[in-house]
Visitor: 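Supplied in structure tokens, the structure appears directly below.
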Amino acid sequence: MSKTFKRYLVTSALPYANGPVHIGHLAGVYIPSDIYTRYLRMRGCDVISVCGSDEHGVPITLKARKEGVTPQQIVDRYHAIIKKSFEDFGIAFDIYSRTSSPVHSKTASDFFRKLYDEGKFIEKTSEQYYDEEAHTFLADRYIVGTCPKCGNEGAYGDQCEKCGSTLSPDELINPHSAVSGSVPVKRTTKHWYLPLDQYEGFLRKWILEDHKEWKPNVYGQCKSWLDGGLQPRAVSRDLDWGIPVPVEGAEGKVLYVWFDAPIGYISATKELTPDWEKYWKSEDTKMVHFIGKDNIVFHCIVFPSMLKAHGGYILPENVPANEFLNLEGDKISTSRNWAVWLHEYLEEFPGKQDVLRYVLCANAPESKDNDFTWKDFQARNNNELVAILGNFVNRALVLTHKYFDGVVPACGELTDYDRQTLSELACAKEALGSNIENYRFREALKEAMNVARIGNKYLADTEPWKLIKSDPERVKTILNIALQITANLSVAIEPFMPFTAAKIVKMVQAGPFTWDDLGRTDLLPAGHRIGQAELLFEKIEDDVIQRQLDKLEATKQANAAANASQHIEDQKGSVSFDDFQKMDIRVSKILAAEKVAKTKKLLKLTVDTGIDQREIVSGIAEYYKPEELVGKEVLVLVNLAPRELKGILSRGMILMAEDPSGKLRLLRPEESMTPGSIVG
RNA sequence: GGCGAGUUAGCUCAGCUGGUCAGAGCGCAUGAUUCAUAAUCAUGAGGUCCUGAGUUCAAGUCUCAGACUCGCUACCA
């Protein structure tokens, strides 16, 4: 695809405004998009980078309800925090908008209306649960009740987390709304669906044939979806928070958040410039979506189908989705507070935006999930930024001040070695550009750092501190070159570390430079006076890192404690002795165990209850391997009403204990007992 | 269960269409050096390329089977 493009449109996934942003967001989406955009800007390309907060959807309404505030208050709070974090970290969007903006509301509404008018949607009516008190329809997971299978009173409408069974809300005993606590009723409701299946042919050709160059994870994921067959997808929801469906008789319905969010890219562009159509509707615009892997299907399948259905819009040229970043070996989690929040980082490491930008780019999850560790953060800062980059710039400037009083000395005749060194700069430019254009930012960053390495090596090999006594003329040339390398370095690192680049530019008192200046050897003319040298980076000591590790450890312990207390449920209502006596629990011996085909959790156990041998299906496959169960004595509720699971009649229940993390363990007699022994 | 991605030196990763592909950075060891934030430069040690089988004159690189990690999706007391 060697198309030539006149302009670029860069989009970055809209962060969901129900929490601040953390290093995972930065590493996966915003640093890559920022590097890409800064590079294009430096090249003088016509490029705009748009983003904004995604402010609709159910989770925000629930969070608002929980805190007793309005959804608008929630999104106002987080929009402000997120926006500031991006600004603080130099993520230079041309506009950071939000989906609650009036422009967006109109754009999304018009978009829907056009598709509606042209008959691009399917209408379907279905029955769903409705909360009359909260005046809202309830998704299955927002209905709570008693699990018909294990008696857990906190089972959700889609699943009982205690016994693992999947439920439908109809099965729950005593169902009630998680929102208001009232008993939900069934109501029929109508929704609009985008028939993705109709776009399958177009998507196949566009992705599978025309974009084989997409990253393997993205391409593979798309292929998986397409091969699996696409289904119509609902684009509306029963909710009072969002953009109203612009159709008569659609009161109480809003656009599904995933329908309106990507349109947010269009709205943001509209807010940015009256010329927005140039970016969205010209074939010579190159659009690139930066996202995380969880968004692949929406940006590669759903949104393109929407754009196609609407007509007139261009499609993304590439969707360089990244994998996920872990933190110290565990998944980053907002709810478990397992994250390094950007706003907190800046409080603890003021002025060190570029250190984090550097580490996150050098260790970006470009091809697979990666791990962020504070030890690695420290090592990269101390061994790479301080030792290689900061040190080189410092040596060049300090030597210039020392020998030439801060004035750039004239360049004399070049030696072969000088020429060789300078030619390496041109190579670096080449490698840098092609890596960035191919979304290989880790590799590109290495090339940028290589410029500093070239400088360090040059100084070590030419040894101006020795020559100053014997051949001061030669030293002039050497330092001139070292200073040119320094200026080049500021250009090379700008997309990655804009703050540091600006500091270097300020120290050499020149610039601003453009990408074309990279490789040039006359950026600082002889006689030009440079400014004072100041350190670009400082070492990070062990105790600072230890504090961060301690903080995470505290989070871990707080989570464990919260988890434990959370799972200690209230005592259930009392039962009579007679009722208890009705339960027939026996010591039984497991004779055989095998995995139930096509399930993840189920094991089929053959047990000797003393009364008989029978089969019991139990959802413990994730905790026990079949072979380790055979021969074990366990407790079985033998007179539980039989139930058919996956075609197997399960007669009884293996008694299990559940620890705070949800892990199940068998209950076993302390000493060997005869099968059939009564428990009571 | 189906599907996708990943598994290469202590760590983080490159290795395109099979034949100098066994690599880079950091760490480590040794040496050199002192202009520089004890920072630099050179050299070196380190790997059954997840496992097993197969195709081939030749396999990290292709095929099949399996293991593990992550994700999507289904089913499921």
Visitor: Where do N or O atoms of nucleotides 3-6 of chain B meet protein N or O atoms at under 3.5 Å, pair by pair?
Guide:
{"from": "B:C3", "atom 1": "O2'", "to": "A:Ser224", "atom 2": "OG", "distance (Å)": "2.5"}
{"from": "B:G4", "atom 1": "O2'", "to": "A:Gln221", "atom 2": "N", "distance (Å)": "3.3"}

Visitor: What about A:Phe377 and A:Tyr358, are their ring centers closer than 6.0 Å?
Guide: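 Ring-ring flag for A:Phe377/A:Tyr358: false, centres at least 6.0 Å apart.
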Visitor: Determine the contact category for A:Ala387: base if any of its heavy atoms lies under 4.0 Å from a base atom, sugar-phosphate if only primed atoms, P, OP1 or OP2 are that close, otherwise nothing.
Guide: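 Sugar-phosphate, no base atom in range.
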Visitor: Work out how far the P atom of B:C68 is from that of B:A74, and round it to whole angstrom.
Guide: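 Roughly 23 Å separates the two P atoms.
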Visitor: Just the rounded figure in Å: distance from C1' of B:U12 to CG of A:Asn383.
Guide: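 Distance, rounded to whole Å: 13 Å.
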Visitor: Rounded to the nearest 0.5 Å, what separates atom OG1 in A:Thr486 from atom CG in A:Leu389?
Guide: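 If we round to the nearest 0.5 Å, A:Thr486:OG1 and A:Leu389:CG are 10.0 Å apart.
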Visitor: Is the distance between the ring centroids of A:Tyr439 and A:Tyr36 less than 6.0 Å?
Guide: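 Yes: the rings meet the under 6.0 Å criterion.
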Visitor: Determine, step by step, whether A:Asp542 and A:Gln378 satisfy the side-chain hydrogen bond (donor to acceptor under 3.5 Å, both in side chains) criterion, reporting the C-alpha distance in whole Å, the side-chain angles of both residues, the deciding distance to 0.1 Å, and the verdict.
Guide: CA-CA 8 Å; A:Asp542 289 348; A:Gln378 179 189 29; 2.7 Å; yes
Visitor: Taking O4'-C1'-N9-C4 for purines and O4'-C1'-N1-C2 for pyrimidines, is B:G46 syn (within 90° of 0) or anti?
Guide: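 For B:G46, whose glycosidic angle is within 90° of 0, the conformation is syn.
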Visitor: Can a donor-acceptor pair be found between the side chains of A:Gln484 and A:Asn488 at a distance below 3.5 Å?
Guide: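 On atom types as modelled, these side chains do not qualify, holding no pair under 3.5 Å.
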Visitor: Do any side-chain atoms of residues 220-233 of chain A form donor-acceptor pairs under 3.5 angstrom with protein atoms, and if so which ones, sequence neighbours left out?
Guide:
{"from": "A:Lys223", "atom 1": "NZ", "to": "A:Asp227", "atom 2": "OD2", "distance (Å)": "2.8"}
{"from": "A:Asp227", "atom 1": "OD1", "to": "A:Arg204", "atom 2": "NH2", "distance (Å)": "2.9"}

Visitor: So, is A:Lys331 near the phosphate of B:G71, with a side-chain N or O under 4.0 Å from OP1 or OP2?
Guide: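 Answer is yes, contact under 4.0 Å.
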Visitor: Pick the nucleotide of RNA chain B nearest each of A:Lys539 and A:Ala364; which residue has the one closer to the 5' end?
Guide: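 It is A:Ala364 whose nearest nucleotide is closer to the 5' end.
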Visitor: Could you check B:G60 for me: syn (within 90° of 0) or anti?
Guide: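 Syn, which is what one calls it when the glycosidic angle falls within 90° of 0.
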Visitor: Mind checking if A:Leu536 touches a base, just sugar-phosphate, or nothing, with heavy atoms under 4.0 Å?
Guide: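 Base: the residue A:Leu536, judged by heavy atoms under 4.0 Å, touches a nucleobase.
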Visitor: A:Arg380 side chain: which of B:C26, B:A14, B:U12 is closest?
Guide: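 Of the options given, the side chain of A:Arg380 lies nearest B:U12.
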Visitor: Between B:U43 and B:C49, how far apart are the two C1' atoms, rounded to whole Å?
Guide: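 To the nearest whole Å, 26 Å.
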Visitor: Is there a donor-acceptor pair under 3.5 Å between the side chain of A:Glu366 and the backbone N or O of A:Phe441?
Guide: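 Side chain of A:Glu366 to backbone of A:Phe441: a pair is present.
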Visitor: Which listed nucleotide (B:C26, B:U33, B:U37) is nearest to the side chain of A:Ile388?
Guide: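 Side chain of A:Ile388 sits closest to B:C26.
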Visitor: Would you mind reading off the distance between A:Asn326 atom CG and B:C11 atom P, rounded to a whole angstrom?
Guide: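 Whole-Å distance recorded here is 16 Å.
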Visitor: Write down the distance between CG (A:Leu385) and C1' (B:G25), rounded to a whole number of angstrom.
Guide: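 Going from CG in A:Leu385 over to C1' in B:G25 covers 13 Å.
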Visitor: Between B:U33, B:C41, B:U37, spot the one nearest the side chain of A:Trp465, thanks.
Guide: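 Output: B:U33.
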Visitor: Side-chain donor-acceptor pair under 3.5 Å between A:Arg442 and A:Asn363, yes or no?
Guide: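 The criterion, which ignores hydrogens and geometry beyond distance, is not satisfied for A:Asn363 and A:Arg442.
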Visitor: If the C1' atom of B:U56 is compared with that of B:U69, how far apart are they to the nearest Å?
Guide: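 The same atom, C1', in both gives a distance of 32 Å.
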Visitor: Which is true for A:Lys446 with a 4.0 Å heavy-atom rule: it touches a base, it touches only sugar-phosphate, or it touches nothing?
Guide: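 Base contact.
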Visitor: Separation of A:Glu463 atom CD from B:C35 atom P, in whole Å?
Guide: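 Roughly 11 Å, once rounded to whole Å.
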Visitor: Show me, range against range, the stems involving RNA chain B, built from at least 3 consecutive Watson-Crick or G-U pairs below 3.5 Å.
Guide: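 Counting only runs of 3 or more consecutive pairs, the stems involving RNA chain B are B:1-7 with B:67-73, B:10-13 with B:23-26, B:28-32 with B:40-44, B:50-54 with B:62-66.
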Visitor: In whole angstrom, what separates A:Phe377's CZ from B:U12's P?
Guide: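 My rounded result for the distance is 18 Å.
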Visitor: Indicate, with a heavy-atom threshold strictly under 4.0 Å, whether A:Glu443 touches base, sugar-phosphate, or nothing.
Guide: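 Nothing: the residue A:Glu443, judged by heavy atoms under 4.0 Å, touches no strand.
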Visitor: For A:Ala339 and A:Ile332, which heavy atoms make the closest approach, and how far apart are they?
Guide: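 Minimum heavy-atom separation between A:Ala339 and A:Ile332: CB-CG2, 3.8 Å.
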Visitor: Which whole number of Å gives the distance between the P atom of B:A58 and that of B:G18?
Guide: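 16 Å, rounded to whole Å.
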Visitor: Please write out the pairs of protein N or O atoms and N or O atoms of nucleotides 61-63 of chain B separated by less than 3.5 Å, giving the distance to one decimal.
Guide:
none

Visitor: Report yes if at least one side-chain N or O of A:Asn394 is closer than 4.0 Å to OP1 or OP2 of B:C35; otherwise report no.
Guide: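 No.
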Visitor: Can you check the distance between B:C50 and B:G60, where both ends of the measurement are the C1' atom (answer in whole Å)?
Guide: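 B:C50 and B:G60 have their C1' atoms separated by 11 Å.
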Visitor: Taking CD1 from A:Ile291 and C1' from B:G71, how many angstroms apart are they, rounded to a whole number?
Guide: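 Atom-to-atom, A:Ile291 to B:G71, this comes out as 13 Å.
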Visitor: What distance, rounded to whole Å, do you find between the two C1' atoms, one in B:U30 and one in B:C35?
Guide: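 It works out to 24 Å between them.
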Visitor: Does B:C26 have OP1 or OP2 under 4.0 Å away from a side-chain N or O of A:Arg453?
Guide: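 It does, given that an N or O in the side chain of A:Arg453 lies less than 4.0 Å from OP1 or OP2 of B:C26.
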Visitor: Counting distance only, does the side-chain N/O of A:Asn450 pair as donor-acceptor with the main-chain N or O of A:Arg453 below 3.5 Å?
Guide: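 Pair absent, no side-chain N/O of A:Asn450 close to backbone of A:Arg453.
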Visitor: Under 4.0 angstrom, heavy atoms only, what part of the nucleic acid is A:Arg442 near: base, sugar-phosphate, or nothing?
Guide: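 Result for A:Arg442 = sugar-phosphate.
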Visitor: Hey, could you give me the CE/CD1 distance between A:Met497 and A:Ile504, rounded to the nearest 0.5 Å?
Guide: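 One finds 8.0 Å between CE of A:Met497 and CD1 of A:Ile504.
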Visitor: Which residue in the set A:Lys331, A:Lys215, A:Lys293 passes salt bridge (charged side-chain N to carboxylate O under 4.0 Å, His left out) when paired with A:Glu323?
Guide: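 It is A:Lys293, the one option of A:Lys331, A:Lys215, A:Lys293 that forms the salt bridge (charged side-chain N to carboxylate O under 4.0 Å, His left out) with A:Glu323.
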Visitor: Which value, in whole Å, describes the distance between the C1' atoms of nucleotides B:G15 and B:A24?
Guide: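 Straight-line distance between the two C1' atoms is 10 Å.
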Visitor: Run the side chain to side chain contact (heavy atoms under 4.5 Å, CB included) test against A:Ser588 and tell me which residues pass, sequence neighbours left out.
Guide: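 Residues passing side chain to side chain contact (heavy atoms under 4.5 Å, CB included) with A:Ser588: A:Arg586, A:Val607, A:Thr609, A:Val636.
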Visitor: Is the phosphate of B:U40, meaning OP1 or OP2, less than 4.0 Å from a side-chain N or O of A:Arg395?
Guide: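 No, outside the criterion.
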Visitor: Think A:Lys466 has a side-chain N or O under 4.0 angstrom from the OP1 or OP2 of B:U33?
Guide: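 For A:Lys466, the contact criterion (side-chain N or O under 4.0 Å from OP1 or OP2 of B:U33) is not met.
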Visitor: Holding to side chain to side chain donor-acceptor pair (under 3.5 Å), I want the full list of residues that pass it with A:Lys352, two or more places apart in sequence or in another chain.
Guide: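 Listed in chain order: A:Glu538.
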Visitor: Measure CZ/A:Phe392 against P/B:U34 and give the value in whole Å, please.
Guide: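 Those two atoms, CZ and P, are 19 Å apart.
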Visitor: Is it the case that the side chain of A:Asp54 and the backbone of A:Ala261 share a donor-acceptor pair, with hydrogens and angles ignored and the cut-off at 3.5 Å?
Guide: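 Not confirmed, A:Asp54 side chain does not pair with A:Ala261 backbone.
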Visitor: Tell me the interatomic distance from A:Leu389, atom CG, to B:U40, atom C1', rounded to whole angstroms.
Guide: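 So the two atoms are 14 Å apart, to the nearest Å.
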Visitor: Is the distance from OP1 or OP2 of B:A36 to the nearest side-chain N or O of A:Lys402 less than 4.0 Å?
Guide: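 The answer is yes; a side-chain N or O of A:Lys402 sits under 4.0 Å from OP1 or OP2.
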